[in-house]
Participant: 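I have a structure here, written as structure tokens, and I will follow up with some questions on it.
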There are 2 protein chains.
Amino acid sequence: MKRIADSTVRRLSTYLRYLEDLDTKGQQTASSDELAHLCGTTSAQVRKDLSFFGSFGKRGLGYPVHELTAHLREILGLEREWKVVIVGAGKIGAALANYRGFRQRGFRIVGVYDNDPNKIGKPWGEAIVHDMADLASDIRREEAPIAVLAIPSDDAQAVVNELIGAGVRAILSFAPAQITVPPHVSLKSVNMAIELEGLSFALTNALPSQGVA
Amino acid sequence: MKRIADSTVRRLSTYLRYLEDLDTKGQQTASSDELAHLCGTTSAQVRKDLSFFGSFGKRGLGYPVHELTAHLREILGLEREWKVVIVGAGKIGAALANYRGFRQRGFRIVGVYDNDPNKIGKPWGEAIVHDMADLASDIRREEAPIAVLAIPSDDAQAVVNELIGAGVRAILSFAPAQITVPPHVSLKSVNMAIELEGLSFALTNALPSQGVA
DNA sequence: CTAACTTTGTGAACTATTTCACAAGCCACC
DNA sequence: GGTGGCTTGTGAAATAGTTCACAAAGTTAG
């Protein structure tokens with residue numbers, strides 16, 4: 001199968017979100033045009049994105065909402081549960097743990113880790129903060145494939161190496177540092193500083209730009 | 001001037017971060033190749049990115065670290081202070097406020113707002129949580145051009161409209177919702193659910209993909 | 001059953017971004 | 001001051017991603 005662009009996958013997530021809304025409202029079908037308007041893209045884009053995975057629509061009618069929802073969940077791998085460990089018992093990890101959609105979509109937090117003695121053993125939401133020293137062995141035992149990295153940047157790469165050594169295959173990093181991973185591991189990096197600097201650039205260079213994101 | 005790609009701007013931020021490191025260490029010059037390795041890109045990409053803004057290097061030698069740092073700060077608009085309001089006194093906003101780099105780079109938080117009566121008036125870091133009712137008038141008075149949106153999605157668009165009406169010209173949103181803004185406003189949207197679903201997709205479709213991000 | 005209308009799926013065209021590849025410039029050493 | 005070794009800056013080529021445009025297929029109304 002052809003390689004799917006990252007931008008396409010992001011849009012699929014967005015389509016899914018709005019289709020779920022429509023499904024809840026009991027809407028039976030949705031056209032590529034309707035979906036495009038909801039998601040801030042074009043109808044051609046919607047059709048192209050979906051066409052990579054099959055032929056889900058009916059000409060003259062549109063896409064069956066409930067069915068397409070199921071297809072997208074399948075495509076995105078959301079029909080199963082994913083075990084997630086959170087590294088760093090700080091604010092960002094907490095924000096994530098608080099977020100309902102997280103659990104709703106099949107991501108289950110199986111452990112929170114920190115190396116701060118003042119945090120270890122203390123409650124954190126419904127969980128208890130574990131010692132980072134146990135991180136690798138716990139991941140191996142639980143076979144958690146996903147890790148969220150929410151620690152200051154200094155030793156981010158070292159922790160990433162440890163995670164990968166323990167079998168983690170996907171990492172969502174909030175550490176403001178450049179991280180490298182081997183080809184069999186997926187990495188998404190969110191860097192608030194970069195986003196803000198992007199805004200600063202846009203304001204400074206007052207391009208008649210914009211950003212529907 | 002030609003329109004600069006978003007991907008280019010993001011890399012400029014990354015270059016800046018590593019150049020500052022090198023500068024602190026007292027390194028005089030850096031080649032595009034060295035910078036590329038640090039930032040996880042290619043030397044051609046580094047040179048191309050910089051060439052959009054000028055000719056900062058010396059052939060045979062590389063780029064003068066300290067000087068290029070200053071140029072990048074200038075290009076990114078980081079030589080001045082940006083007033084920022086945070087909407088939503090939750091964990092994400094707190095994470096941002098805690099983040100040292102935030103202030104260091106010239107982003108100054110001038111107010112935190114929430115509509116939860118239990119939070120209004122309470123201390124929040126060094127600040128006090130204000131009533132959302134005061135948001136628009138405060139923004140107008142302070143002339144804060146940047147807002148960080150860290151609220152649940154339900155009424156995100158309504159708040160955005162209020163922000164824009166009050167003169168905000170750039171928004172960093174953490175709300176998991178589709179938001180649209182007029183062309184003169186810049187928007188960056190960070191959606192943790194989409195990132196995680198991207199990882200789920202990658203794991204499910206076990207592409208020999210990766211992601212140096 | 002037919003005609004008018006709607007909407008998909010998809011090659012082809014277009015636009016954007018990255019990579020290549022190399023002439024030109026600069027340094028250092030003799 | 002010439003030679004050899006680096007490294008930049010940049011058109012041109014390649015690759016990636018988006019938009020166009022239309023035939024094919026389905027729906028609805030009469």
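Just so it is clear: chains get the letters A, B, ... in the order the sequence lines come, proteins before strands, and each one is counted from 1.
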Participant: Just N and O in the side chain of A:Y63: are any of them under 4.0 Å from OP1 or OP2 of C:dG9?
Facilitator: yes
Participant: Between C1' on D:dT7 and CZ on B:F56, what's the gap in Å once rounded to a whole number?
Facilitator: 17 Å
Participant: Nearest-Å distance, CZ (A:F53) to P (C:dT8)?
Facilitator: 18 Å
Participant: Suppose we screen for ring pair (Phe, Tyr, Trp, His ring centres under 6.0 Å). Which residues come up paired with B:Y63, at least two apart in sequence or across chains?
Facilitator: none
Participant: Spell out protein contact along nucleotides 24-30 of chain C as letters: B when the base is contacted, S when just the sugar-phosphate is, - when no protein heavy atom is under 4.0 Å; keep the 5' to 3' order.
Facilitator: BBBS---
Participant: Strictly below 4.0 Å, heavy-atom distances to any atom of DNA chain D: list the hits from residues 25-34 of chain B, or just say none.
Facilitator: B:S31, B:S32
Participant: Could you tell me which residues satisfy side chain to side chain contact (heavy atoms under 4.5 Å, CB included) with B:E143, sequence neighbours excluded, listed by chain and number?
Facilitator: none
Participant: Give a yes-or-no answer on whether the side chains of A:E20 and A:Q104 include a donor-acceptor pair shorter than 3.5 Å.
Facilitator: no
Participant: Identify all pairs in which a protein N or O lies below 3.5 Å from an N or O of nucleotides 16-21 of chain D, and state each distance.
Facilitator:
unit_1: D:dT18; atom_1: OP1; unit_2: A:R11; atom_2: NH1; d: 3.1
unit_1: D:dT18; atom_1: OP2; unit_2: A:R11; atom_2: NH2; d: 3.1
unit_1: D:dA21; atom_1: N6; unit_2: A:R47; atom_2: NH2; d: 3.3

Participant: Not counting sequence neighbours, which residues clear side chain to side chain contact (heavy atoms under 4.5 Å, CB included) with B:T41? List them please.
Facilitator: B:R11, B:Y15, B:A36, B:C39, B:Q45, B:V46
Participant: By ring pair (Phe, Tyr, Trp, His ring centres under 6.0 Å), which residues pair with B:Y18, not counting sequence neighbours?
Facilitator: none
Participant: Please list, chain by chain and in numerical order, all residues satisfying ring pair (Phe, Tyr, Trp, His ring centres under 6.0 Å) with B:Y99, sequence neighbours excluded.
Facilitator: none
Participant: Test of understanding: with ring pair (Phe, Tyr, Trp, His ring centres under 6.0 Å), list the residues that count as partners of B:Y113, not counting sequence neighbours.
Facilitator: B:H130
Participant: Check side chain to side chain contact (heavy atoms under 4.5 Å, CB included) between A:K48 and all other residues, then give those that pass, not counting sequence neighbours.
Facilitator: A:S51, A:F52
Participant: Less than 3.5 Å apart, which donor and acceptor atoms pair up between the side chains of residues 82-89 of chain B and the rest of the protein, not counting sequence neighbours?
Facilitator:
unit_1: B:W82; atom_1: NE1; unit_2: A:S200; atom_2: OG; d: 2.9
unit_1: B:W82; atom_1: NE1; unit_2: B:G77; atom_2: O; d: 2.9
unit_1: B:K83; atom_1: NZ; unit_2: B:E142; atom_2: O; d: 3.1
unit_1: B:K83; atom_1: NZ; unit_2: B:E142; atom_2: OE1; d: 3.1

Participant: Kindly state each residue pair satisfying side chain to side chain donor-acceptor pair (under 3.5 Å) with at least one member in residues 158-169 of chain A, sequence neighbours excluded.
Facilitator: A:Q157-A:N161
